[in-house]
Amino acid sequence: MATTAELFEEPFVADEYIERLAWRTPGGGSRGGEAFDPKRLLEEFVNHIQELQVMDERIQRKVEKLEQQCQKEAKEFAKKVQELQKSNQVAFQHFQELDEHISYVATKVCHLGDQLEGVNTPRQRAVEAQKLMKYFNEFLDGELKSDVFTNSEKIKEAADIIQKLHLIAQELPFDRFSEVKSKIASKYHDLECQLIQEFTSAQRRGEISRMREVAAVLLHFKGYSHCVDVYIKQCQEGAFLRNDVFEDAAILCQRVNKQVGEIFSNPETVLAKLIQNIFEVKLQSYVKDQLEEHRKSDAEQYLKNLYDLYTRTTNLSSKLMEFNLGTDKQTFLSKLIKAIFISYLENYIEVEIGYLKSRSAMILQRYYDSKNHQKRSIGTGGIQDLKERLRQRTNLPLGPSIDTHGETFLSQEVVVNLLQETKQAFERCHRLSDPSDLPKNAFRIFSMLVEFLCTEHIDYALETGLAGIPSSDSKNANLYFLDVVHQANTIFHLFDKQFNDHLMPLIRTLNCMIGQMKHILAAEQRKTDFKPEDENNVLIQYTNACVKVCGYVRKQVEKIRNSMDGKNVDTVLMELGVRFHRLIYEHLQQYSYSCMGGMLAICDVAEYRKCAKDFKIALVLQLFDTLHALCNLLVVAPDNLKQVCSGEQLANLDKNILHSFVQLRVDYRSARLARHFS
């Protein structure tokens, strides 16, 4: 059997197995030199088959024995698993019981804690009241003995105590407690001054943590605003040393913006107050000095300075827009700019027209003086009479002609100077004019250009050239008039270019449309529309102002579509739609809203949104969808404010924008609303 087993090799191949068996058998014919003996080989095969059968039986018995053993162990293992499951179930039940017991104990502990707190809170209040009575008695006796009042290191504790005593003293009758009220008020004032002085010293030392600590204590005192004023004053010390006050202001605000949040609990208010102080004191004084110097003596320099100062101020305002200044920083900064320049902008266009008129007249006069030419009046006709006068010249002599000596009396240098002055005037007009006055102001400037360039220069040269045309029977006549026509044509092309480049953008029809909408809203909208006297008796679906504005806008949209084609329609409608939205947005910010008034505002905006659909511009419709969602903040219950603000249309908006709409509610000051929106 051992020999049989030796014949098995891995991997098993039957042919090789038979070959190995034959090779090992004498007479098998596989060894060299041996005679083949088939009987012996057959005998060997028969014996080997018997050995294989015996081996198979032994292996089978072994397999059966192993299978039985495996089945036995499997049953034992299954039994063991069942026992473990039962044990685990028992442990889980014990765990549940323990958890319930722990919860029960925890509930008892919480209940006991609540009871202890219920007992301890009045006790603490009683202890605090007792301490306050003790300190109050010291003021009654006129001698402050407590360490908290005599130890300068305990100024914070003293401030807390005196602030509470000051509130209590205000409730006491004056006739009986006038003396003690006076002493408490005096101590209150002394501590307040000490705290402000400590804040000032800490600011000079650059100790931010101490400044924050003192500011937190002063927050409950009346002098907190004075603390802010001190901070603002000291921030500006040494900040304006260079010639560029605007750059200095921007750098100062950038520095304070990084610092103010570490000191005050209301950093946006402090920063806004600093900016207001810079505009109302530093910038206003600087602008006044720069403008008043030339206001009456040098109109040219005055206008240049006004344009430059206003531009630099608005650029500074743009830089400050990146800071958090509260609710509506754009309106806040616009008001500051308006306060500085309002006295100069009110009569700006009159100064501009006066300067342009005198400057243009001087340019022309200087040119004619250089030619030793005295302007004369030549008839009452104009360029429009050209054909008629030429016809007359070819038929009838009209008296002696004017000898121009070959001079055309046209100068491109003069024209360039006039156009340059007008271009600068247009630029100033665009920057300094109110949007509603921009078209008419630009037209007045253009009228000056027409008067001095077209009438006083080109028309005069043509009239002079016409008068210089010799009669038909003149000998050796020089027709200089054609030179005049050639130069006038060249000059008029320059005039036409400035008309298209500088005047047309300023008198766009869209400005007139927006101005008309503003007029309708101002005339038709009433404050009582959104805050009706009788909340239960509102019968209208939307306001009269809304109806008229929508009617006007629909007519304008139809006119634009009929007047243009292609992409021009979409471009103009997008610009009009964005301006329309901005107008309504700013208009709604001017009113306060009751619950019913807010519902009416929502109805108005829904009507505006229907009107916006006529534009067929996705951006415009999206803007009005967002505005409609914002108006929901005017009527939603305080408990649901945060949920509405986190909705799909409002989630990505600046919180200041959301806050600005919530502030329009008449119930905004209620503690409940403020708590839910904070």
Contacts under 3.5 angstrom, residues 257-265 side chains, donor-acceptor by atom type, not counting sequence neighbours:
| unit_1 | atom_1 | unit_2 | atom_2 | d |
| --- | --- | --- | --- | --- |
| Gln259 | OE1 | Tyr231 | OH | 2.7 |

Could you pull out all donor-acceptor pairs under 3.5 Å where a side-chain atom in residues 59-81 meets a protein atom, sequence neighbours excluded?
none

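A parallel orientation is assigned to the rings of Phe615 and Phe580, their planes being inclined by less than 30° (bins at 30° and 60°).
Among residues two or more places apart in sequence or in another chain, the side chain to side chain donor-acceptor pair (under 3.5 Å) test is passed with Glu268 by none. By the ring pair (Phe, Tyr, Trp, His ring centres under 6.0 Å) test, His628 pairs with no residue at all, sequence neighbours left out. Remark: His587 engages Gln525 in a side chain to side chain donor-acceptor pair (under 3.5 Å) (not counting sequence neighbours). In this structure Thr269 satisfies the side chain to side chain donor-acceptor pair (under 3.5 Å) test with no other residue, sequence neighbours excluded. Listed by chain and residue number, Arg205 satisfy the salt bridge (charged side-chain N to carboxylate O under 4.0 Å, His left out) test with Glu207 (two or more places apart in sequence, or in another chain). Partners of Thr200 under the side chain to side chain contact (heavy atoms under 4.5 Å, CB included) rule, at least two apart in sequence or in another chain, are Ile196, Arg204, Val230, Gln234. Evaluation of the side chain to side chain donor-acceptor pair (under 3.5 Å) rule for Asn266 yields Tyr224 as partners, not counting sequence neighbours. Contacts of Arg582 classified as salt bridge (charged side-chain N to carboxylate O under 4.0 Å, His left out), with partners at least two apart in sequence or in another chain: Glu586.
Here the closest heavy-atom approach between residue Gly577 and residue Val620 is recorded as CA-CG2, 3.7 Å. Contact between Ser660 and Tyr585 at its shortest, heavy atoms only, is OG-OH, 4.2 Å. Residues Val605 and Leu588 come closest through the heavy atom pair CG2-CD1, 3.7 Å.
Every pair passing side chain to side chain donor-acceptor pair (under 3.5 Å) that includes a residue from residues 604-613 is listed here, sequence neighbours excluded: Thr543-Asp604, Arg609-Asp625. Judged as a salt bridge (Lys or Arg N to Asp or Glu O under 4.0 Å), not a single pair has a partner in residues 93-113 (not counting sequence neighbours).
Ile602 places none of its side-chain heavy atoms less than 4.5 Å from the side chain of Leu634.
Classification of Glu43 and Arg40 as a salt-bridged pair fails, no side-chain N sitting under 4.0 Å from a carboxylate O. Lys616 and Asp570 are not joined by a salt bridge, as no carboxylate oxygen comes within less than 4.0 angstrom of a charged side-chain nitrogen.
A side chain to side chain contact (heavy atoms under 4.5 Å, CB included) with Phe661 is found for one member of Leu650, Leu653, Asn632, Leu633 and no other, namely Leu633.
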